[in-house]
Amino acid sequence: MKLTLKIWRQADASEKGALKTYELDGVSSDMSFLEMLDLLNEQLLHNDEEPVAFDSDCREGICGMCSLMINGEAHGPEVTTTCQLHMRSFNDGDTITIEPWRASSFPIVKDLIVDRSAFDRIIQNGGYISANTGSAPEANSVPVPRDKAMRAFNTATCIGCGACVAACPNGSASLFLGAKITHLGELPQGQPERYSRVQSMVGQHDAEGFGGCTNIGECASACPKEIPLDVISQLNKDLRKSMILG
């Protein structure tokens with residue numbers, strides 16, 4: 001395949017960025033999207049040009065590092081991570097526009113790399129789960145209903161990639177926050193700090209400059225792990241109850 005790539009280039013957070021156009025030939029339909037960018041960078045290095053900076057780690061759809069807007073869609077046209085998106089989703093001769101996440105809470109570091117440490121600070125503000133010291137308890141000593149266990153497991157699959165923020169017109173992280181609140185709130189071990197946790201995490205979410213949720217649903221549509229929208233309802237319920245309890 002031969003492609004025309006329009007890629008956001010920006011030296012650092014203080015510099016102005018712009019889209020730059022590259023022509024790339026010899027792209028296999030079996031390549032992943034990141035392998036295609038690797039091929040482009042080999043071409044740029046061969047021509048003594050600065051390679052495109054982009055994030056990646058596991059390349060197995062687990063870590064959430066590969067955060068790219070592809071033709072205006074978070075992670076591209078398939079419901080998956082960028083590293084698991086393959087070039088067979090595109091056609092020979094296509095023009096592909098590649099940009100970093102667009103959110104004020106995710107400042108650009110360089111080119112396609114953004115700083116998502118705001119997510120880390122939200123999680124840190126969730127604090128710890130109380131646990132008695134001493135020997136490890138018997139695994140089945142605390143019964144958990146199957147529906148709650150499955151909901152906790154499913155929401156814990158959130159990889160913190162930030163696609164929900166990038167897709168949301170308000171730049172809200174409510175889907176991410178709701179997933180973290182729900183997966184702890186469904187389990188007995190998460191109950192002692194349940195309501196103080198939600199207040200602390202929501203407070204940090206707002207302090208980081210994320211927008212508010214207006215239930216558009218773009219976040220859930222873009223989520224590569226298909227976190228359901230109802231986690232935001234759970235977040236709001238827990239937040240209201242925490243205010244009642246004081």
Side-chain angles (χ1 to χ4, degrees), residues 5 7-8 29-38 52-90 94 96-103 105-106 108-109 111-120 122-123 150-184 186 201 205 208 210-211 213 215-235:
L5 305 175
I7 301 180
W8 186 263
S29 61
D30 293 326
M31 284 182 172
S32 73
F33 200 86
L34 296 187
E35 287 172 334
M36 180 274 294
L37 290 179
D38 290 337
V52 177
F54 63 92
D55 259 332
S56 69
D57 190 5
C58 72
R59 299 200 178 198
E60 295 179 349
I62 298 170
C63 70
M65 291 290 289
C66 52
S67 50
L68 297 178
M69 291 294 286
I70 302 168
N71 288 341
E73 296 181 275
H75 292 305
E78 310 290 342
V79 183
T80 186
T81 53
T82 301
C83 64
Q84 296 298 295
L85 176 68
H86 287 80
M87 298 313 296
R88 54 181 168 267
S89 296
F90 302 91
D94 276 357
I96 304 175
T97 301
I98 309 167
E99 301 170 275
W101 285 164
R102 296 295 192 188
S105 301
F106 292 156
I108 292 176
V109 176
D111 293 342
L112 303 175
I113 299 174
V114 299
D115 179 0
R116 286 171 293 175
S117 58
F119 272 9
D120 297 329
I122 289 173
I123 292 174
M150 290 306 299
R151 191 163 188 240
F153 177 83
N154 290 334
T155 53
T157 60
C158 169
I159 55 177
C161 66
C164 51
V165 178
C168 177
N170 305 325
S172 174
S174 293
L175 192 76
F176 164 80
L177 182 55
K180 300 304 176 187
I181 291 293
T182 302
H183 95 251
L184 293 174
E186 288 289 355
M201 292 179 78
H205 170 279
E208 295 291 345
F210 291 106
C213 174
N215 268 325
I216 294 171
E218 290 294 324
C219 54
S221 298
C223 177
K225 297 303 176 182
E226 301 183 356
I227 302 297
L229 199 61
D230 67 0
V231 299
I232 300 178
S233 299
Q234 186 66 57
L235 165 66

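These numbers come from a predicted model, not from an experiment. Positions are given from 1 along the sequence.
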Show me the donor-acceptor pairs, under 3.5 Å and distance only, between side chains in residues 163-172 and residues at least two apart or in other chains.
residue : atom : partner : partner atom : Å
Asn170  : ND2  : Gly212  : O            : 3.0
Asn170  : ND2  : Thr214  : OG1          : 2.8
Ser172  : OG   : Ser174  : N            : 3.1
Ser172  : OG   : Ser174  : OG           : 2.7
Ser172  : OG   : Gly211  : O            : 3.2

Tabulate below the donor-acceptor pairs under 3.5 Å that side-chain atoms of residues 220-228 make, not counting sequence neighbours, or state none.
residue : atom : partner : partner atom : Å
Ser221  : OG   : Gly217  : O            : 3.3
Lys225  : NZ   : Gly61   : O            : 2.8

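Within the structure, every pair that satisfies the salt bridge (charged side-chain N to carboxylate O under 4.0 Å, His left out) test and touches residues 150-171, not counting sequence neighbours, is listed here: Arg151-Glu186, Arg151-Asp230. The salt bridge (charged side-chain N to carboxylate O under 4.0 Å, His left out) contacts involving residues 58-84 comprise Asp38-Arg59, where partners must be two or more places apart or lie in separate chains.
In this view, Glu99 and Arg102 satisfy the salt bridge (Lys or Arg N to Asp or Glu O under 4.0 Å) rule, not counting sequence neighbours. By the side-chain contact (heavy atoms from CB on, under 4.5 Å) test, Ala156 is found to be paired with His183, residues two or more places apart in sequence or in another chain being considered. For Asp115, the side chain to side chain donor-acceptor pair (under 3.5 Å) partners two or more places apart in sequence, or in a different chain, are Ser117. By the ring-ring contact (aromatic ring centres under 6.0 Å, His included) test, Phe210 pairs with Phe106, Phe119, His205, sequence neighbours left out. Scored by the side chain to side chain donor-acceptor pair (under 3.5 Å) test, Thr81 finds no partners at all (sequence neighbours excluded). With sequence neighbours left out, the ring-ring contact (aromatic ring centres under 6.0 Å, His included) criterion links Phe54 to no other residue. For Ser32, the side-chain contact (heavy atoms from CB on, under 4.5 Å) criterion is met by Leu34, Glu35, His86, not counting sequence neighbours.
Minimum heavy-atom separation, Arg116 to Cys161: NH1-O, 2.7 Å. The minimum heavy-atom distance linking Phe90 with Pro77 is given by the pair CZ-CD, 3.9 Å.
For Thr97 (side chain) and Asn71 (main-chain N/O), no donor-acceptor pair under 3.5 Å exists by modelled atom type.
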